[in-house]
Amino acid sequence: MRGPHEVKTVAVLGCGFVGFSWGVVFARHGRRVHLYNRPSPSLDSVTGRVRTALEFLHGEGAITADEVEAALGRVRTFGELDAAVEGADYVQEALPEDLALKQRVFAEVARLTPADVVIGSSCSGLRRADIVQRVEHCPERCLVAHPANPPHVIPFVEIAGDGASEAAKEAAYALMEAVGQKPVRCREVYGYVLNRLQLALIQQALHLVREGICDVPAVERALTDGLGLRWAFQGPYGVEELNSADLTEGLTKYKAYMIEGFQNLGVVEDYDERFVEEAVAAFRPVMEGRDHDEYLEWRDRMIVRTRMLKDAHAREDER
Ligand SMILES: NC(=O)c1ccc[n+]([C@@H]2O[C@H](COP(=O)([O-])OP(=O)(O)OC[C@H]3O[C@@H](n4cnc5c(N)ncnc54)[C@H](O)[C@@H]3O)[C@@H](O)[C@H]2O)c1
């Protein structure tokens with residue numbers, strides 16, 4: 001499989017929320033990027049979105065003005081799949097979560113590319129084994145490379161696919177690291193790692209509000225002024241290490257309390273339209289007058305600044 005330094009050109013298939021952002025990731029890290037989307041008119045706006053994202057990163061001091069122009073110079077758009085994957089050393093698929101479409105495109109891309117080109121799917125809930133069902137040419141280089149959204153802001157990516165070869169998974173992992181992402185490898189289970197953690201939390205967030213235990217702003221504050229401040233620097237295992245003398249004590253001393261909690265937290269089996277309307281109304285003040293797009297831009301800005309702080313500390317620790 002092609003190693004990260006051999007990957008000079010990346011084809012990104014599908015340029016919606018996730019695809020255009022993958023384009024930013026690869027282009028800012030020196031790769032030529034072929035962005036493919038249909039219907040092709042959507043392509044007209046894709047380069048603009050890439051430019052806006054790169055300029056945003058420049059505005060935050062994450063990249064220089066020269067890097068913005070250099071990255072843009074590496075991006076090309078394509079309306080035809082065969083032209084988009086021609087010369088690609090890695091392919092990142094980000095098409096809608098539609099199994100038949102992904103099956104068709106994976107079969108086609110595998111036919112069009114050499115056997116040492118890894119093909120990664122951004123899919124959130126589909127199984128790799130299903131996606132590659134129609135692939136005849138070396139299906140073992142097809143895997144899941146599931147990002148957090150948007151990947152140019154949040155670097156976490158999950159490399160999975162139980163039937164994919166070890167070499168393909170290693171190559172995808174190494175490539176992701178080379179382009180500044182923070183990969184993990186995991187088994188192919190529903191939700192992988194990130195969404196399983198997130199679903200557990202969302203479940204409780206809905207339950208707390210539905211049962212009238214607290215309101216929506218209280219849930220948000222518990223994360224943004226509470227747990228979330230730690231979570232950019234340590235996960236639950238790190239938290240337990242510091243909540244006690246050490247992790248061993250944390251996992252044993254609080255075991256009974258935690259097990260009781262796991263069994264009695266309450267679950268949300270369903271919720272109705274009325275709950276959605278009430279939650280939306282209760283959430284509005286949390287946005288402090290920002291509309292959806294302003295809220296998104298503010299979120300991205302805060303995350304990029306947090307990442308720069310983390311990177312600066314990592315560099316300090318290295319010295
Ligand atoms: N949005 C998220 O939060 C998120 C996070 C992680 C992973 N994912 C996964 O990433 C993938 C893409 O999600 P998204 O949110 O970017 O979707 P999206 O709908 O925003 O983007 C899909 C893009 O593909 C294009 N497209 C549709 N049919 C096509 C075709 N036949 N040929 C070429 N292009 C076509 C669309 O025009 C659109 O630009 C999905 O598998 C999704 O599960 C999404």
Side-chain angles (χ1 to χ4, degrees), residues 10-26 33-50 52-53 75-86 88 90-113 119-134 142-161 172 176 179 181-184 186 188-199 201-202 292-293 295-297 299-300 303:
V10 174
V12 177
L13 315 180
C15 300
F17 282 106
V18 166
F20 101 87
S21 177
W22 273 126
V24 175
V25 169
F26 291 116
V33 175
H34 293 180
L35 294 173
Y36 163 73
N37 200 81
R38 287 183 77 87
S40 52
S42 323
L43 281 172
D44 298 341
S45 58
V46 168
T47 325
R49 279 179 91 180
V50 171
T52 303
V75 175
R76 288 174 64 197
T77 55
F78 293 82
E80 298 303 328
L81 184 61
D82 52 357
V85 299
E86 192 182 335
Y90 174 77
V91 178
Q92 180 70 44
E93 172 272 316
L95 294 161
E97 194 82 339
D98 171 341
L99 178 59
L101 171 64
K102 291 197 199 261
Q103 281 177 334
R104 183 166 57 72
V105 170
F106 263 73
E108 188 68 4
V109 173
R111 194 180 61 76
L112 290 165
T113 52
I119 310 168
S121 174
S122 303
C123 72
S124 308
L126 300 173
R127 289 176 57 237
R128 173 203 167 274
D130 295 328
I131 292 175
V132 301
Q133 235 169 37
R134 293 170 56 186
C142 302
L143 45 73
V144 173
H146 174 247
N149 181 42
H152 75 280
V153 174
I154 305 182
F156 183 78
V157 54
E158 296 163 314
I159 308 295
M176 289 301 163
V179 296
Q181 301 304 94
K182 304 284 184 186
V184 299
C186 64
E188 197 171 1
V189 291
Y190 175 80
Y192 310 110
V193 176
L194 185 129
N195 278 335
R196 284 174 86 103
L197 292 168
Q198 182 164 246
L199 279 168
L201 191 71
I202 293 175
H292 177 90
D293 288 346
Y295 189 55
L296 187 148
E297 212 229 289
R299 188 252 345 236
D300 286 357
I303 294 173

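Read the numbers this way: they start at 1 and go in the same order the structure lists the ligands and their atoms. As the structure is a prediction and not an experimental result, all values here were calculated from the model. For the numbers below, each heavy atom of this structure counts, side chains included, while hydrogens, waters and symmetry mates do not.
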Worksheet entry | atom 21 (O) of ligand 1: nearest protein contact (heavy atom, Å) | G16 CA, 3.2 Å
Worksheet entry | Protein heavy-atom partner closest to atom 34 (N) of ligand 1 - residue, atom, separation in Å | R38 N, 3.0 Å
Item to complete: Look at atom 38 (C) of ligand 1 and say which protein heavy atom is nearest, naming residue and atom and giving the distance to 0.1 Å.
Response: N37 OD1, 3.5 Å
Discussion item. Less than 4.5 Å apart, side chain to side chain, heavy atoms only: is that true for I131 and L99?
Written reply: yes
Worksheet item: Side chains of E86 and D82: does their closest heavy-atom pair fall under 4.5 Å?
Response: no
Discussion item. So if I count the atoms of ligand 1 from 1 in the order they appear, which ones are less than 4.0 Å from some heavy atom of H146?
Written reply: 6 (C), 7 (C)
Item to complete: Considering the heavy atoms of G14, write down every atom of ligand 1 situated less than 4.0 Å from one of them.
Response: 24 (O)
Discussion item. Taking atom OH as the centre, does Y295 end up with more than 12 heavy-atom neighbours from other residues, nucleotides or ligands that are less than 6.0 angstrom away?
Written reply: yes
Worksheet item: Per the side-chain contact (heavy atoms from CB on, under 4.5 Å) rule, which among V18, I154, V25 passes with P147?
Response: V18
Worksheet item: Taking the side chain from E93 and the backbone from F106, do they hold a donor-acceptor pair closer than 3.5 Å?
Response: no
Worksheet item: Just heavy atoms, cut-off under 4.0 Å: does L101 contact ligand 1 by side chain, backbone, both, or neither?
Response: side chain
Worksheet item: Nearest protein heavy atom to atom 6 (C) of ligand 1, by residue and atom, and its distance?
Response: P147 O, 3.2 Å
Worksheet item: What atoms of ligand 1 come closer than 4.0 angstrom to any heavy atom of C15?
Response: 23 (C), 39 (O)
Discussion item. On a heavy-atom basis, which atom in L35 and which in G23 lie closest, and how many Å separate them?
Written reply: CD2-CA, 4.0 Å
Response to the item:
Looking only at protein heavy atoms, what sits closest to atom 41 (O) of ligand 1 is E97 OE1, 2.5 Å
Worksheet entry | atom 15 (O) of ligand 1 within contact range, any protein heavy atom under 4.0 Å | yes
Worksheet item: Identify the closest protein heavy atom to atom 9 (C) of ligand 1: which residue and atom is it, and at what distance?
Response: S122 O, 3.3 Å
Discussion item. Within the 4.0 Å heavy-atom shell around K102, which atoms of ligand 1 are there?
Written reply: 40 (C), 41 (O)
Discussion item. Which residue in the set I119, L13, V105 passes side-chain contact (heavy atoms from CB on, under 4.5 Å) when paired with V85?
Written reply: L13
Worksheet entry | Close approach of E93 to ligand 1, heavy atoms, under 4.0 angstrom | no
Practice prompt. With heavy atoms of S124 as the reference, note each atom of ligand 1 found under 4.0 Å away.
Written response: 6 (C), 7 (C), 8 (N), 9 (C), 42 (C), 43 (O), 44 (C)
Fill in: Side-chain (E188) to main-chain (R127) donor-acceptor, under 3.5 angstrom
no
Worksheet entry | Closest protein heavy atom (residue, atom, distance) for atom 20 (O) of ligand 1 | F17 N, 3.1 Å
Worksheet entry | Proximal ligand 1 atoms for N149, defined as those under 4.0 Å from one of its heavy atoms | 1 (N), 2 (C), 3 (O), 5 (C)
Worksheet item: Got C123 and H146 here, is their nearest side-chain heavy-atom distance under 4.5 Å?
Response: no
Worksheet entry | Considering all heavy atoms, the nearest Q92-S121 contact | NE2-C, 3.9 Å
Worksheet item: Considering only the protein, which heavy-atom contact is closest to atom 4 (C) of ligand 1, and what is its distance?
Response: V18 CG2, 3.5 Å
Item to complete: Could you establish whether F20 and ligand 1 come within less than 4.0 Å of each other, counting only heavy atoms on the residue side?
Response: no
Worksheet entry | Non-hydrogen side-chain atoms of F26 and P151 separated by less than 4.5 Å | no
